[in-house]
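FYI, the numbering just counts along the sequence from 1.
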Amino acid sequence: MNVLIIHGPNLNMLGYRDKKIYGSMTYEGLKEYISVYAKSKGMNTAFFQSNHEGELIDCIQESCHGDFDAIVINAGAYSHYSYAIRDALEICHFPKVEVHLSNVMQREDFRKTLVLSDVCDRTIYGLGPEGYLLALDFLLDKTHNV
């Protein structure tokens with residue numbers, strides 16, 4: 001299984017952002033953490049990060065017709081208002097999981113709206129980096145139970 005892990009704005013600044021909210025793991029550390037786990041499950045991962053909405057949309061669209069079997073996406077702040085990213089995800093007819101490191105439901109009111117969730121198969125939030133591992137497990141279970 002080939003999984004594309006997409007990260008939106010400011011995720012590249014992990015390790016520098018508020019550690020009480022996002023933890024102390026750096027973005028490179030997060031990628032390594034996910035990759036090692038995925039490999040142990042027989043999965044391949046590729047990563048894409050951008051602070052630009054259009055680049056995220058282009059990446060999603062290209063992945064729909066490429067070598068990927070699933071997407072795990074943490075679109076950062078775009079998760080709360082980007083209907084364009086939502087529409088791009090809707091086009092992809094393979095499993096998608098939305099992940100957030102922090103518990104967005106216990107933060108500012110605007111973060112409680114997740115416009116991507118209805119086109120994703122699962123939304124995981126508030127579990128830190130482990131949320132990504134649960135997303136990978138979900139994708140494995142989903143593809144094995146088809």
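- Under a hydrophobic-cluster definition in which Ile, Leu, Val, Met, Phe, Trp and Tyr are linked whenever side-chain heavy atoms come within less than 4.5 Å, directly or via other members, I5 and M25 are assigned to the same cluster.
- With S117 as the partner, the side-chain hydrogen bond (donor to acceptor under 3.5 Å, both in side chains) test is satisfied by one option alone out of E98, R86, R122: E98.
- Here NE2 of H80 is found 6.0 Å from CG of L114. Values are rounded to the nearest 0.5 Å.
- Looking at heavy atoms from C-beta onward, L11 lies in side-chain contact with L101 at the 4.5 angstrom threshold.
- Criterion: ILVMFWY side-chain heavy atoms under 4.5 Å apart, direct or through other members. Under it, L139 and I124 are part of a common hydrophobic cluster.
- K96 NZ to I6 CD1: the interatomic distance, rounded to the nearest 0.5 Å, is 11.0 Å.
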(request) Would you check, one step at a time, whether the test side chain to side chain contact (heavy atoms under 4.5 Å, CB included) holds for I71 with V97? (result) CA-CA 6 Å; I71 287 177; V97 179; over 6 Å; no
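- In the hydrophobic clustering of this structure, F48 groups with I57; members are Ile, Leu, Val, Met, Phe, Trp, Tyr whose side-chain heavy atoms approach within less than 4.5 Å, directly or through other members.
- Atom OG of residue S24 and atom CG of residue D18 lie 12.0 Å apart, to the nearest 0.5 angstrom.
- Smallest separation of non-hydrogen atoms from C64 and F94: CA-CE2, 3.8 Å.
- Side-chain atoms of Y78 come within 3.5 Å of backbone N or O of E53 as a donor-acceptor pair.
- In summary, of the residues considered (Q49, E32, H7), a side-chain hydrogen bond (donor to acceptor under 3.5 Å, both in side chains) with Y27 occurs for H7 alone.
- Between A88 and Q61 the shortest heavy-atom distance is CB-CG, 4.4 Å.
- Counting heavy atoms of neighbouring residues, nucleotides and ligands inside a 6.0 Å radius, atom CG of D67 does not exceed 12 of them.
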(request) Could you walk me through whether L140 and M43 pass the side chain to side chain contact (heavy atoms under 4.5 Å, CB included) test, one step at a time? (result) CA-CA 9 Å; L140 272 178; M43 304 169 90; 3.7 Å; yes
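- Taken from OG in S79 to CG in L116, the straight-line distance is 4.5 Å, to the nearest 0.5 Å.
- Under a hydrophobic clustering in which Ile, Leu, Val, Met, Phe, Trp and Tyr are joined whenever their side-chain heavy atoms come within less than 4.5 Å, directly or via other members, V72 and F138 fall into the same cluster.
- The two residues P9 and A75 make their nearest non-hydrogen contact at CD-O, 3.4 Å.
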(request) Show the numbers, then the answer: is there a side chain to side chain contact (heavy atoms under 4.5 Å, CB included) between T113 and Y81? (result) CA-CA 8 Å; T113 299; Y81 66 88; over 6 Å; no
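- A side-chain donor-acceptor contact under 3.5 Å links N51 to the backbone of N10.
- Looking at D137 and K41, their side chains come closer than 4.5 Å, going by heavy atoms from C-beta outward.
- Between E90 and H93 the shortest heavy-atom distance is O-CE1, 4.0 Å.
- Looking at M13 and Y22, their side chains never come closer than 4.5 Å, going by heavy atoms from C-beta outward.
- One distance of note links CD1 of I73 with CG of L89; it measures 4.5 Å at 0.5 Å rounding.
- Looking at every heavy atom in both residues, V99 comes nearest to A135 through CG2-CB, 3.8 Å.
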(request) Evaluate the criterion side chain to side chain contact (heavy atoms under 4.5 Å, CB included) for residue pair I60 and I91; output intermediate values, then yes/no. (result) CA-CA 9 Å; I60 293 165; I91 294 166; over 6 Å; no
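- Within a 6.0 Å radius of NZ in K112, other residues, nucleotides and ligands contribute more than 12 heavy atoms.
- Expressed to the nearest 0.5 Å, how far CG of N2 lies from OG of S63 amounts to 11.5 Å.
- For H100 against G76, the heavy-atom pair with the smallest separation is CE1-O, 4.4 Å.
- Between I34 and F47, some side-chain heavy-atom pair lies under the 4.5 Å cut-off.
- Note on V119: it clusters hydrophobically with L4, by side-chain heavy-atom contacts below 4.5 Å among ILVMFWY residues.
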